[in-house]
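Remember, it's a predicted structure, so these values are computed and weren't measured experimentally. In what follows, chains carry the letters A, B, and so on, assigned in the order in which the sequence lines appear, proteins first and then strands, with residues in each chain numbered from 1.
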Amino acid sequence: MRSIFEKLDLMDKREIAAILDEIGVFLELKGENPFKVRAYQSAARILDRLEDDLGELIKAKQLRSIKGIGAALADNIETLHQEGSLPFYEELKASIEPGLIEMLTIPGLGPKKVKAVYGKLGLTSIDQLRLACEEGKVAALPGFGKQSQAKILSGIEHRELYNQRHLWWNAFAIAEPILEGLRKLKQTEKAEHAGSLRRCLETVGDLDFLVASEDPDPIMHWFTHQEGVAEVTALGQTKSSIRLESGLQADLRVVPLKQFYFALHHFTGSKDHNVMMRQRALSMGYSLSEWGLTPEEGGRKVTTIKSEAALFKKLGLNYIPPELREGTAEIAAAEKGTLPELVQEEDIRGVFHNHTTASDGRHTLEEMVAAAQDLGWEYLGISDHSKSSVQANGLNEERVLRQIEAIEKLNQSKQFKTYVFSGIECDILKDGDLDLDQSVLEALDYVVISIHSGFTQDEEAMTRRIIKAIEHPCSTMLGHPTGRLLLEREPYAVNMQKVIDAAIANKVMIEINANPRRLDMDWRLWHKAAEKGLMTCINPDAHAAERLIYYKAGVQVARKGWLTKESVFNTNNLKSVKNYLLSTS
DNA sequence: GCCGTTTTCGGCCCGACTGTTTTCAGTCG
């Protein structure tokens, strides 16, 4: 519980969402009504994705108007936000052995079984559970057996590896050859990946593959016997699951061709999107599942479709791209015909946040430009670190001026078709000042402002610091605005709504840092921010020529954030970009 | 706990696989 001295430090959305999720788990262990559990868990997801400022919503008494948040949840959220604690939560937490929560992370162990080992054997920790399994006590419990016991032991053994999430980029690299392998089999009529990988979520828990075939056995056999399989965890007639040596789990489902697109839609998810689609189907007199769309009453008639688009059409919706299927506003927009025309990889004509050997990059200016030219880009921006980033060999004023000269010379030489802009990734110092003299910043084509130190400032100080930097007349775009490293480091404390508003007011862009470990600013914030007028620039933050390709991950973030190419600066042609940078520098 | 153009009460998305059973509960997605 927080002390009263910390009372001003209001709990933010993510902290509250985490607590609601925890409450859901507690209730589950208590054997509460599963729909109540779901209500808490769904409220947690809603908060996580909430784009508005929570404090504002509470002040305006708007919390209850959000679908899925009723009187009780609104009260609880408000209490957590204002007080930093919630008696209901504290009491619930105190009444449950913490070791039981941990047991739920063991694959195959759900709330009922955890309750059983606690109730019947009095086990309160994973260590005790391991011991009981080794002594054969667990197998003797009703509903358990020797196989369950062995599975639990193996689950305990590999728990950490199995529960890891993986960066989308890395997971995709593992999934691609598997999908290719499936497509090469002669029994395969169609094959796609599904799940969060297809929705391009920033991290992926497992891989999902879907195959259309009338002859599943050989496909299942290939899948479960391919190289890199550590364990086969399920093998049925239509579904099999494997554990890869990397710890990643992969599921394969094989369905007849006529069900392929229903199944593809179903297994692409998200869960929230599927629930909304099913509810919509029900309201139109249909029942929707991975098997098809059938009239609710009696009839066995399965409607056949030849694409996912046809499924959406049958439900009166425009086609919703997988990236948008997160259960937010996509179905309402698809109904009204107001889905955006999303930016595409081909729209990108160059990128601006890249490093060379001048600071901490691995390739020279010429090597970077050659790589950009190979990608067919019209322009490339070079933005090495500034002098405060000593660890990255940041440039001082004199070295910046020398680099500007080198870039001018390169452009004049016409050695490359790709035009080069001279920029800098300028450190935002602790007080919000920029790291280089204004006269030098003015000599550059553009300035990326970023934070590389002092991550531990409180939210107010950090927000003030970033906004002050945004207000600097030379700032062009804000780099990796929250400093997060996916699966490694949390974002620093910052009020992004205020930063977004300041960026719009000062005509400063916020980049989508496309490095797969960052993907920052998060897609969840873009829809509303762009509606308010915020522009972005998709940047790979490449520290080597072969990493320019990261821009693709940035395009995915933009698409998940509902962005059209009008909101993405680097979809403009060279002439427009030159004009814009000239007019603002 | 949430929700309502048939409902303020009684529903709440739906199916596969496993391991335990001998017809099904628990887990998972």
Side-chain angles (χ1 to χ4, degrees), chain A residues 20 23-24 26-28 30-44 46 63-77 88 103-117 138-152 155 162-163 194-199 204-210 216 220 224 232-242 249-255 259 262-263 265-294 296 327:
Chain A
L20 296 182
I23 292 177
F26 294 154
L27 295 175
E28 215 173 4
K30 289 255 169 195
E32 259 282 7
N33 177 356
F35 297 103
K36 188 168 168 180
V37 173
R38 189 190 294 173
Y40 273 92
Q41 287 168 343
S42 110
I46 290 168
L63 214 45
R64 274 200 70 179
S65 63
I66 299 172
K67 196 168 146 58
I69 296 183
L73 271 161
D75 278 351
N76 287 346
I77 293 168
F88 166 60
M103 285 186 201
L104 285 174
T105 63
I106 300 169
L109 264 196
K112 298 269 166 60
K113 290 197 162 164
V114 169
K115 252 184 106 173
V117 296
V138 172
L141 289 176
F144 290 73
K146 280 212 163 118
Q147 291 190 76
S148 310
Q149 182 172 273
K151 232 178 167 172
I152 292 171
Y162 290 177
N163 286 318
S196 46
L197 190 76
R198 182 162 182 247
R199 298 201 314 280
V204 172
D206 60 8
L207 307 178
D208 292 292
F209 299 94
L210 183 69
M220 295 286 191
T224 51
V232 178
T233 52
L235 181 56
Q237 290 191 311
T238 67
K239 182 196 157 175
S240 56
S241 296
I242 55 175
Q249 177 175 307
D251 294 341
L252 168 68
R253 305 180 199 244
V254 183
V255 300
Q259 281 150 14
F262 292 112
H265 174 266
H266 174 86
F267 292 115
T268 296
S270 63
K271 206 171 169 173
D272 291 344
H273 171 86
N274 284 356
V275 167
M276 290 164 84
M277 285 286 281
R278 278 166 200 257
Q279 282 167 348
R280 182 173 178 86
L282 280 176
S283 75
M284 296 172 75
Y286 292 108
S287 171
L288 175 65
S289 76
E290 64 261 49
W291 293 107
L293 188 66
T294 52
E296 207 182 358

Taking O4'-C1'-N9-C4 for purines and O4'-C1'-N1-C2 for pyrimidines, is B:dT7 syn (within 90° of 0) or anti?
syn

Which part of the nucleic acid, if any, lies within contact of A:P142, taking any heavy atom under 4.0 Å across all strands shown: a base, the sugar-phosphate backbone alone, or nothing?
nothing

Atom [atom1], compared across [N] and [M]: separation rounded to whole Å:
| N | M | atom1 | value |
| --- | --- | --- | --- |
| B:dC3 | B:dC13 | C1' | 15 Å |
| B:dC17 | B:dT23 | C1' | 16 Å |
| B:dG11 | B:dA16 | P | 24 Å |
| B:dC14 | B:dT20 | P | 30 Å |
| B:dT8 | B:dG1 | C1' | 15 Å |
| B:dT6 | B:dC2 | P | 23 Å |

Close side-chain approach of A:V254 to A:L252, heavy-atom, < 4.5 Å:
yes

Spacing between [X] atom [atom1] and [N] atom [atom2], to the nearest angstrom:
| X | N | atom1 | atom2 | value |
| --- | --- | --- | --- | --- |
| A:F262 | B:dG15 | CZ | P | 13 Å |
| A:I77 | B:dG1 | CD1 | C1' | 12 Å |
| A:M277 | B:dC14 | CE | C1' | 15 Å |
| A:D208 | B:dC28 | CG | C1' | 11 Å |
| A:K271 | B:dC13 | NZ | C1' | 10 Å |

Non-neighbouring partners of A:H266 that pass ring pair (Phe, Tyr, Trp, His ring centres under 6.0 Å), sequence neighbours left out:
none

Interatomic spacing from CG in A:N76 to OH in A:Y40 - rounded to 0.5 Å:
4.5 Å

CG of A:L288 to CG of A:N274: how many Å apart, nearest 0.5 Å?
7.5 Å

For A:S270, which residues count as a side-chain contact (heavy atoms from CB on, under 4.5 Å) partner, sequence neighbours excluded?
A:R199, A:D272, A:H273, A:E326

Mind checking what makes side-chain contact (heavy atoms from CB on, under 4.5 Å) contact with A:I46, not counting sequence neighbours?
A:S42, A:I66, A:I69

Test: salt bridge (charged side-chain N to carboxylate O under 4.0 Å, His left out). Region: residues 35-44 of chain A. Which pairs qualify, not counting sequence neighbours?
A:E32-A:K36

Under the side-chain hydrogen bond (donor to acceptor under 3.5 Å, both in side chains) rule, collect the residues that match up with [X], sequence neighbours excluded.
| X | value |
| --- | --- |
| A:T268 | A:R198 |
| A:K151 | none |
| A:D251 | A:S241, A:Q249 |
| A:T238 | none |

Could you pull out the closest heavy-atom pair between A:L210 and A:A263, with the gap in Å?
CD2-C, 3.7 Å

When Watson-Crick pairs (N1 to N3 and N6-O4 or O6-N4) and G-U wobble pairs (N1-O2 and O6-N3) count only below 3.5 Å on both distances, what is the dot-bracket string of DNA chain B, with | for other-strand pairs?
((((....)))).((((((....))))))

Sort me out a list of protein N/O and nucleotides 16-19 of chain B N/O pairs below 3.5 Å, or just none if empty.
residue : atom : partner : partner atom : Å
B:dA16  : OP1  : A:W291  : NE1          : 3.2
B:dA16  : O3'  : A:T238  : OG1          : 3.1
B:dC17  : OP1  : A:Q237  : N            : 3.1
B:dC17  : OP1  : A:T238  : N            : 2.8
B:dC17  : OP1  : A:T238  : OG1          : 3.0
B:dC17  : OP1  : A:K239  : N            : 2.7
B:dT18  : OP1  : A:L235  : N            : 2.5
B:dT18  : OP1  : A:L235  : O            : 3.3
B:dG19  : O3'  : A:S148  : OG           : 3.1

Per nearest nucleotide of DNA chain B, the residue lying toward the 5' end, A:A72 or A:P111, is A:A72

5′-ward residue of the pair A:I106/A:N274 relative to DNA chain B
A:N274

How far apart are the C-alpha atoms of A:F144 and A:I152, what are their side-chain angles, what is the distance that settles it, and do they pass the side chain to side chain contact (heavy atoms under 4.5 Å, CB included) test?
CA-CA 10 Å; A:F144 290 73; A:I152 292 171; 4.1 Å; yes

When you measure from the side chain of A:Q41 to the backbone N and O of A:G24, does any donor-acceptor pair fall under 3.5 Å?
no

Pairwise N/O distances under 3.5 Å, protein to nucleotides 3-9 of chain B:
residue : atom : partner : partner atom : Å
B:dC3   : OP1  : A:G68   : N            : 2.5

Please list, by residue number, the residues of residues 32-43 of chain A whose heavy atoms come closer than 4.0 Å to an atom of DNA chain B; answer none if no residue qualifies.
A:N33, A:F35, A:K36, A:R38, A:A39, A:Y40

